[in-house]
Amino acid sequence: MATEFEEPETLHQFEEPETLHQFEEPAHILWKSLPPTPFLMAGPDYQANQEKNDLLQILAAQGVEFLLSGQEKVSPIICAGKMICLFFSANWCRPCRTFTPLLVQLYNTLQKRDEKLEIIFISLDHDKNEFEQYLQTMPWLAAPYDTELQKQLCDKYHVDRIPSFVPLCGDGISKQDDLIGFIEDYGAEAFPFTRKRRQELKAMDRAKRVEGRLEDLLGNRGLNYVISRHGGKTPISQLVGKTIGLYFGAYWSPPSRSFTAKLSKVYKEIMDKTEDHSLEVILVSTDRNLVEFKLNVADMPWLAIPYEDESQQELYRIFDVKTIPTLVLIGADGKPASENGRGLVCLYGAEAFPFTEERIEELEAAVKKEGEELASKVEDIKHEHVLKLELAKAYVCDFCKRQGRFWAFSCDACDYDLHPSCVHLISNV
């Protein structure tokens with residue numbers, strides 16, 4: 001039967017976050033209210049202070065009198081006046097080891113900014129040796145290794161998977177709201193990890209996406225130019241007023257390399273037809289290193305964001321790109337035209353240019369009219385079964401062996417497709 005083009009690849013090759021190993025049911029330890037402690041500071045955020053107090057009660061109930069800073073023991077008073085975040089993680093967990101360097105970078109950045117933040121590592125390692133080895137990679141504090149303490153804190157903060165990052169603040173983003181993903185997307189800008197802060201950052205991304213300022217979108221935090229495969233530099237300001245295709249791909253991805261060949265053909269057709277060259281494609285790479293990036297760019301007749309430019313990560317986030325290849329189209333007015341540019345290129349080729357809503361409507365109407373002029377069923381001398389008219393994104397004609405798109409006469413009983421022009425009728429059915 002008619003088939004669609006190949007599926008895109010996901011960006012992340014590692015598996016989904018691992019669930020915690022099974023714990024015994026945590027013991028319900030009763031204790032009297034603890035007296036006030038210098039760990040807490042008076043302030044308007046009662047809920048945050050209460051959560052800190054709950055943490056202190058659990059630590060005290062387990063006999064924990066100190067925290068660890070590297071190999072040194074420190075008093076909990078070191079956290080006075082700071083926002084406390086609990087980091088539930090383990091050395092045996094691959095997603096944890098992947099996330100930890102990102103959290104280290106965030107922590108160090110916030111320390112340089114003199115933000116009042118402290119992270120406390122809660123280990124879910126299988127033994128103390130694993131815990132101590134993992135702790136060496138962390139610049140923040142840790143609770144002593146204690147399996148009973150693990151159970152108490154996991155129960156208290158409803159931790160059922162790792163890594164989990166739990167801010168002890170009244171408006172903190174919950175793990176159900178994917179705080180880990182929020183930190184991966186925004187890094188230190190995610191601080192103080194509140195719902196209000198997430199709304200602010202999402203609003204900023206939305207403004208960059210819809211306001212139509214190409215300089216803000218492409219050159220916000222990185223360089224103010226894009227490059228050609230020969231190393232030439234084109235200022236972003238020179239691209240204003242053109243239709244832009246942001247091509248998210250990577251050399252390591254076979255579907256990306258396949259789509260690069262298809263897009264290159266379409267790109268050249270459009271450039272040959274337009275005297276003012278009013279289209280430009282820009283590679284937004286997820287190549288793993290500079291060598292792969294250079295190999296990728298060498299196959300492309302268009303421009304690319306430099307490998308070292310931080311705006312590449314921002315663009316993946318702003319347009320919520322989860323799979324590659326993806327082609328996001330931006331109109332001549334600087335506003336998004338389509339986030340399904342790949343599908344439009346595969347369906348309509350160069351005919352889709354300039355990829356406006358009006359142009360796509362024209363093409364869809366033409367396809368519909370073509371179908372209305374064809375019979376719904378036919379019998380063909382080359383095939384034993386009745387063939388039904390179907391609308392397909394892509395297929396290969398079993399008679400002429402050429403690629404087809406849109407309308408095909410297909411067999412329900414077997415994998416057989418014909419171009420309408422390749423049908424030799426016995427009679428209409």
Side-chain angles (χ1 to χ4, degrees), residues 8 204-230 232-250 256 259-260 262-287 293 296-297 299-307 309-321 323-360 363:
M204 291 167 61
D205 282 352
R206 186 164 52 252
K208 292 177 187 176
R209 189 169 62 245
V210 304
E211 286 185 356
R213 288 185 52 82
L214 200 62
E215 297 97 327
D216 291 342
L217 189 62
L218 299 183
N220 182 44
R221 290 178 56 188
L223 307 177
N224 62 355
Y225 60 84
V226 288
I227 61 174
S228 70
R229 59 181 174 178
H230 303 298
K233 297 179 181 179
T234 300
I236 294 171
S237 59
Q238 292 186 11
L239 303 177
V240 175
K242 293 188 176 185
T243 298
I244 303 295
L246 297 178
Y247 177 29
F248 298 84
S256 289
F259 182 64
T260 294
K262 185 174 296 184
L263 182 59
S264 294
K265 181 179 178 181
V266 171
Y267 175 83
K268 291 175 181 177
E269 288 180 17
I270 294 173
M271 297 297 276
D272 289 342
K273 291 179 181 178
T274 56
E275 294 182 1
D276 57 353
H277 291 175
S278 53
L279 169 70
E280 195 50 75
V281 174
I282 302 172
L283 172 67
V284 188
S285 163
T286 51
D287 289 301
F293 174 77
N296 204 9
V297 172
D299 291 335
M300 300 178 176
W302 47 74
L303 304 174
I305 294 177
Y307 181 75
D309 194 333
E310 293 181 0
S311 65
Q312 295 191 92
Q313 290 78 15
E314 288 194 359
L315 289 169
Y316 273 88
R317 184 191 71 230
I318 289 170
F319 290 102
D320 194 29
V321 176
T323 59
I324 56 174
T326 289
L327 181 66
V328 173
L329 296 166
I330 299 173
D333 58 358
K335 297 182 179 181
S338 175
E339 296 185 7
N340 185 35
R342 177 171 176 254
L344 296 178
V345 167
C346 290
L347 274 175
Y348 300 111
E351 295 176 6
F353 184 77
F355 306 106
T356 59
E357 184 175 345
E358 293 77 13
R359 179 55 181 158
I360 302 307
L363 293 172

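These numbers were taken from a predicted model, which means no experiment stands behind them. All residue numbers refer to positions in the sequence shown, counting from 1.
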Hydrogens and angles aside, do Ser338 and Asn340 bring a side-chain donor and acceptor to less than 3.5 Å of each other?
no
Option among Phe293, Phe248, Tyr307 that satisfies the side-chain contact (heavy atoms from CB on, under 4.5 Å) test with Leu283
Phe293
Quick check against the 3.5 Å criterion: does Tyr316 have a side-chain atom that pairs as donor or acceptor with the backbone of Val284?
yes
The reported gap from CD in Gln238 to CG in Leu214 (rounded to nearest 0.5 angstrom) is 12.0 Å
Straight-line distance of Leu329 CG to Glu339 CD, nearest 0.5 Å
10.0 Å
Please walk me through it: do Met300 and Thr260 pass side chain to side chain contact (heavy atoms under 4.5 Å, CB included)?
CA-CA 7 Å; Met300 300 178 176; Thr260 294; 3.8 Å; yes
I'd like to check Ile227 versus Thr234 (side-chain heavy atoms, cut-off strictly below 4.5 Å). Are they in contact?
no
Kindly indicate whether the side chain of Leu327, heavy atoms from C-beta on, has any atom under 4.5 Å from the side chain of Leu246.
no
At what distance, to the nearest 0.5 angstrom, does CZ of Arg209 lie from CG of Asp216?
14.5 Å
Run Ile305 and Leu315 through side chain to side chain contact (heavy atoms under 4.5 Å, CB included) and show every step you take.
CA-CA 11 Å; Ile305 294 177; Leu315 289 169; 3.4 Å; yes
Is Ser311 reaching over with its side chain to a backbone N or O of Leu218, donor-acceptor style, under 3.5 angstrom?
yes
Mind checking whether Val240 and Glu215 have side chains closer than 4.5 Å, heavy atoms only?
yes
With sequence neighbours excluded, what pairs up with Gln312 under the side-chain hydrogen bond (donor to acceptor under 3.5 Å, both in side chains) test?
none
Any heavy-atom pair between the side chains of Leu303 and Tyr225 that's under 4.5 Å?
no
Residues Val266, Phe353; criterion side chain to side chain contact (heavy atoms under 4.5 Å, CB included); working and verdict
CA-CA 10 Å; Val266 171; Phe353 184 77; over 6 Å; no
Side chains of Ser256 and Tyr247: is there a donor and an acceptor less than 3.5 Å apart?
no
One should read off an interatomic distance between Lys335 NZ and Arg213 CZ, to the nearest 0.5 angstrom, of 12.5 Å
Got a second to check how far Asp205's CG is from Phe319's CZ, nearest 0.5 Å?
9.5 Å
With rounding to the nearest 0.5 Å, note down the distance linking CD in Glu280 to CD1 in Ile270.
11.0 Å
Could you please spell out the steps behind the side chain to side chain contact (heavy atoms under 4.5 Å, CB included) verdict for Leu217 and Ile318?
CA-CA 9 Å; Leu217 189 62; Ile318 289 170; 4.2 Å; yes
Whether Arg359 and Glu351 form a salt bridge (side-chain N of Lys/Arg under 4.0 Å from carboxylate O of Asp/Glu) is what I want to check.
no
So does Glu357 have more than 12 non-hydrogen atoms from other groups sitting under 6.0 Å from CD?
no
Of the non-hydrogen atoms in Ile360 and Ala352, which two are nearest, and what is the gap between them?
CD1-CB, 4.1 Å
